[in-house]
Amino acid sequence: MRASAARANGEGGWNRESSNLSSCQRTRGFLIPEVHTMDEKDKDQDEQDVGLSAPAKHSAEELLDAAAGDPLDPMRHSAAHVMAEAVLDLFPGTKLGIGPAIEGGFYYDFEVERPLTPEDLARIEDRMRASVKADHPFVRKELDPDKGRAFFVERDQPYKVEILDDLRIAADAVGEAAPVVTTYEHGPFIDLCRGPHVASTGKIGPFKLLSVAGAYWRGREDRPMLQRIYGTVWSTQEELDLYLWRRTEARRRDHRRLGVQLDLFSFHDISPGAAFWHPKGWTLYRTLENAMREIQEKRGYQEIYTPPLVSKKLWEQSGHWDLYREHMFVLESEEQTFSLKPMNCPESTFIYKSRMRSYRELPLRLSEYGKLHRNELSGVLSGLTRVRHFVTDDAHIYLRPDQIEAEIEGLFGEVREAYAWFGLDPTFTFGTRPDKALGDPALWDRAEAIMRDVLERSDIPFRVKDKDGAFYGPKIDIQVEDALGRQWQTATIQLDLVMLPERFDLTYVDENGEHVRPVAIHRAIYGSLERFIGVVLEHTGGALPFWCSPVQAVVVPIADRHNDAAQELAALLREHHLRVEVDDSSNRMQNKIRLAQEQKIPYMLVLGDREVEARSAAPRTREGEQQPVTPWRELAHRLEAEARERSPGPPAIQRPPVETR
RNA sequence: GCCGCCUUAGCUCAGUGGUAGAGCAGCGGUUUCGUAAACCGCAGGUCCAGGGUUCGAAUCCCUGAGGCGGCUCCA
C-alpha cells in the first residue's frame, strides 16, 4: 500500500483526499507528545502517525516550534542503543537496522533468526536494566570513511554498510568527500551513530518495551522484513506511568470496543472494512449528517446524488484510472468495465455541465453524501477509521476566481461551527504548490496568497507544509486533537484550479458573454462520517453530546405502578423530538440507573410516587448530578432547547491527575 | 499485500491431547424497591473454516478467512 499510495500521491493529489478521508492518525509508538512529526518525511498523510500526546492547547506558534525536536530524544536514542546491546547479547548474529528516537520513546529494527515473542521482550528488558545499572559511558569515536566501512563489514552488519554506502553516494553526487564515520560505544556495544547521546547508560530513565512488529527495511516492500521493537522511556517514573495510563485509557475508549458496548455498529467477515450500523449507531450517523445538512442549507448548498457505479471511462477522463485503479472495486458487465466510485467529484461535473452556467449562479455549491468504496489493502483496515465503504460530507463548489477568498472564509466558518458541536478544536495545515503542479503558475500564486491571507486572519491555528498541495491546487487539511491529546486528520478544503475545470472542460458565461473557466473547491468538513464518528467516540469515551446521543434520556420508573406514567412522559418528550426510552424491566431502580449510566445516556428521569403525583420527574445526569425535580412540560421544553443548542456538554473524562511535563 | 500475534456462549474471558467452563447479558419465576448490580432457576457452543497427525484434537501440524499491532520519525 505504501508504495502505491506514495505513487498516487506523488502524481496527483487526488489521493490526498483519499488519505484525508480514509485514515486516522493513529499511533505507532502510540503516545506521542505534540505534533512534531506530522510531516517530515511521509508524503502520505495516511500513514503518518501521531499519537496520544501531552494534552493542552497549542497555539500556532507552538505547533510550528514543535518541529524542533524533543529534549528527551538523546535519552530515547540511547535507550535504543541499550536495547540493541541486549538483543545482540541474547541473539548473537542479529543484524542491526536503525534505532531512532520517536515521540514518547524509541524503536530499533533487527534481523533476528526467529520471531521475537513477548517473553523475549521481558528478557531483553532485564538485560537492558543491567546495562543501565552498569552505567557505561557513551563514547564517541570518529573513523575515516574506509576504515569505518571495513569495521562494519567485519562485524557482519550489512544494513550499516548500506547506510554508509548511501552516504558516500550522496556525497559523491554533490562532489563532496565521503563523510567521517562516527560511532558510539557503551560497554560491550558499538554502533554506527550520529548521536547525540546522554553521558552514560545510567542516565536513561524508566522505560518499558511495548511491542514487536514487522517493518520493511527502509519501508520498502521489496526489501527484507525486519522485526521492530518499540519501547518508551521517560525521565521520571511519573511520566512513564502517565504515558502507560494514557495507553490504557486509549484502549478503554477504543471506538471499536464502544461500538459493541453501546450497540452502535458491528463488523462481519462477509464485508471486511464496512460497518453494519445498528439502530442506535445509525441514529447517530443520521443526526450528524442532518446537522451538517443544516449548515449547508444555511450556506446555500444544494444536495445532489450521483450513481455509485460508473463506467471506467469516467476515471480515464479524470486521470484516476492510471493512478488509482488498484484501489477501486472494478467489475464487468456486458463487456463494459465499471467501478464503484471511490470519490464523488468527477460525477458532480456532469450536473454542472447539464446546462449552460451563468456567472450569476456562482458559487454553485453541490453537496453529496455519496457512498464511496475504496479497495484498501486488507492489512490497513481498522475499525471505522480505515474502511472500504464510507460516506463523506462532500461538496464541490464551482466559483469564479474572484470568489475564492469569500468562499474559503465561509468554509472556515463551517468548520468552526461543526467542530464546536463536539468540543473539538480544529487546526489547519496549509499545503502549497507541489513540484508536479499543473495549471497556470500565476493563478497558483494568487490562490496561495489568498488562502494564506485568510488563514492568517482566522483564529484557527495553522502551519504550512510546503509543496504539500494537490497537483491541481493548494489545500488546507483539518486536524483535531481529542480528549487524550491524539491527533486526527479529518477533513480537507482543496482548491482545484485544474482537474475538474480543465479535464472536464467546465465553463460559465461571464458578464461579457465569454465562456470562461471556473475554479472548483473540494471540501469535506467531517470527512468520512464513519471515521469522524470513530474520532468522536474516542474523544468522548462514548459519552456523546446530548444533541446527538442515540438515546437522550431514559425514564426510570421506581416500581411497576409508575410504568404508565413513565410511558406518558416518554411520549411527551418524543413529541418534543427527543429520543427517549423507558426502562420498565423488573430491575431495581439502582440497577436501571447503572445500566443507563453504562450506556452513557445523558439523562435518567426518575419517577416515583411523589413525581407521578405531581406529574414531574427527578433528572439525574450521567455525570451523577441529581437535578431538582421538574414538571414534565418544563422538562420537555428545557431538553428540547438543549438539543437545539448542540452544545458539546461537559468533558467526557477528566485529564490524568498530574501533568508532569 | 508483507511480518508477528489473536479467534472458545450475545459480551469479557478460563480451559494446552482424554465427557466444553465462569461472570455478565438473555429467558422464566419471586421481589415493587428512591439515584452505579435484589434473589432463585433455566437455557445457551460448527471451540473461525477446511484438511492432516493421533485410539482420541478447542489443544499439535498445514492451508484459508477475519481481527489486532506494525510496515524509512533514515547511522
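Partners of A:F546 by ring-ring contact (aromatic ring centres under 6.0 Å, His included), not counting sequence neighbours, listed by chain and number: A:Y603. Listed by chain and number, the residues in a salt bridge (Lys or Arg N to Asp or Glu O under 4.0 Å) with A:E119 amount to none (sequence neighbours excluded). By the ring-ring contact (aromatic ring centres under 6.0 Å, His included) test, A:H278 pairs with no residue at all, sequence neighbours left out. Remark: A:R257 engages no residue in a salt bridge (Lys or Arg N to Asp or Glu O under 4.0 Å) (not counting sequence neighbours). Applying the ring-ring contact (aromatic ring centres under 6.0 Å, His included) criterion to A:F276, with sequence neighbours excluded, gives A:H268.
With hydrogens and angles disregarded, a donor-acceptor distance shorter than 3.5 Å links the side chain of A:T117 to the backbone of A:D120. Counting only distance, with no hydrogens or angles, the side chain of A:T232 and the backbone of A:G105 share no donor-acceptor pair below 3.5 Å. Proximity of a side-chain donor or acceptor of A:Q227 to a complementary backbone N or O of A:R114 within less than 3.5 Å is detected.
Using C1' as the reference atom, B:G18 and B:C60 are 15 Å apart when rounded to the nearest Å. With both ends at atom C1', the span from B:G45 to B:G10 equals 12 Å, rounded to whole Å. Annotation: B:C47 and B:A20 have their C1' atoms spaced 8 Å apart (nearest Å). The C1' atoms of B:A9 and B:C5 are separated by 24 Å, rounded to the nearest whole Å. Between the P atoms of B:A65 and B:G50, the separation comes to 15 Å (whole Å). Taking atom C1' in both B:G51 and B:G69, the straight-line distance is 29 Å, to the nearest Å. When the P atom is used for both B:A43 and B:C48, the distance is 24 Å, rounded to whole Å. As rounded to the nearest Å, B:U59 and B:A14 have C1' atoms that lie 14 Å from one another.
Residue pairs meeting the ring pair (Phe, Tyr, Trp, His ring centres under 6.0 Å) criterion with at least one partner in residues 148-174 of chain A, sequence neighbours excluded, are A:Y159-A:W217. Within the structure, the salt bridge (Lys or Arg N to Asp or Glu O under 4.0 Å) test picks out the following pairs touching residues 603-613 of chain A (sequence neighbours left out): A:R561-A:D609. Residue pairs meeting the salt bridge (Lys or Arg N to Asp or Glu O under 4.0 Å) criterion with at least one member in residues 585-596 of chain A, sequence neighbours excluded, are A:R594-A:E598. Applying the ring pair (Phe, Tyr, Trp, His ring centres under 6.0 Å) test to every pair with at least one member in residues 608-627 of chain A, sequence neighbours left out, gives no pairs at all.
The distance between atom CG of A:L377 and atom P of B:G70, rounded to the nearest whole Å, is 17 Å. Here the C1' atom of nucleotide B:C2 and the CH2 atom of A:W217 are 17 Å apart, to the nearest Å. Rounded to whole Å, the distance from CD1 on A:I229 to P on B:G4 is 15 Å. One can place CD of A:Q599 at 18 Å from P of B:C24, the figure rounded to the nearest angstrom. Summarising the geometry, the separation between CZ on A:R386 and P on B:G69 is reported as 13 Å, rounded to the nearest angstrom. Residue A:E113 contributes atom CD, which lies 16 Å from atom C1' of B:C3 at whole-angstrom precision. Taking atom CZ of A:R228 as the reference point, atom P of B:C5 lies 18 Å away to the nearest angstrom. Atom CG of A:L116 is separated from atom P of B:C3 by 16 Å (rounded to the nearest Å).
Across every strand in view, B:C73 sits unpaired, with no contact that passes the Watson-Crick or G-U test at under 3.5 angstrom. Judged by Watson-Crick or G-U wobble contacts below 3.5 Å, the nucleotide B:U35 has no partner. The partner of B:U53 is absent, by the rule that a Watson-Crick or G-U pair needs both atom distances under 3.5 Å. Base pairing of B:C24 is made with B:G10, judged by Watson-Crick or G-U wobble geometry with both donor-acceptor distances under 3.5 Å. Both distances falling under 3.5 Å, in either a Watson-Crick or a G-U wobble arrangement, occur for no nucleotide opposite B:U16. With both pairing distances under 3.5 Å, B:A43 is matched to nothing as a Watson-Crick or G-U wobble pair. Across all strands shown, B:A58 remains unpaired; no Watson-Crick or G-U wobble contact has both distances below 3.5 Å. In this entry B:C5 has B:G67 as its Watson-Crick or G-U wobble partner, both defining distances falling under 3.5 Å.
No hydrogens or angles were tested; on distance alone, a donor-acceptor pair under 3.5 Å links the side chain of A:Y216 to the base of B:G1.
Where A:P115 and A:I163 meet RNA chain B, the nucleotide closest to each residue was compared, and A:P115 sits on the side nearer the 5' end.
Considering only side-chain N and O atoms, A:Y230 lies nowhere under 4.0 angstrom from the phosphate OP1 or OP2 of B:G69.
Residue contacts shown for A:T182 include a base, since a base heavy atom lies under 4.0 Å away. Across all strands shown, A:A215 has heavy atoms under 4.0 Å from sugar-phosphate atoms exclusively, and none from any base.
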Practice problem: Summarise protein proximity over nucleotides 32-37 of chain B in one line of letters, 5' to 3': B for base, S for sugar-phosphate only, - for none, counting protein heavy atoms closer than 4.0 Å. | Solution: BBBBBB
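Ring centers of A:Y108 and A:F110: under 6.0 Å apart, within the cut-off.
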Dump the pairs, protein N or O against N or O of nucleotides 62-67 of chain B, anything under 3.5 Å, distances to one decimal.
| from | atom 1 | to | atom 2 | distance (Å) |
| --- | --- | --- | --- | --- |
| B:G66 | O2' | A:D269 | OD1 | 3.0 |

Close N/O contacts between protein and nucleotides 8-13 of chain B (under 3.5 Å):
none

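Figure legend: cation-pi geometry between A:R228 and A:Y107, with NZ or CZ positioned under 6.0 Å from the six-membered ring centre and within 45° of its axis.
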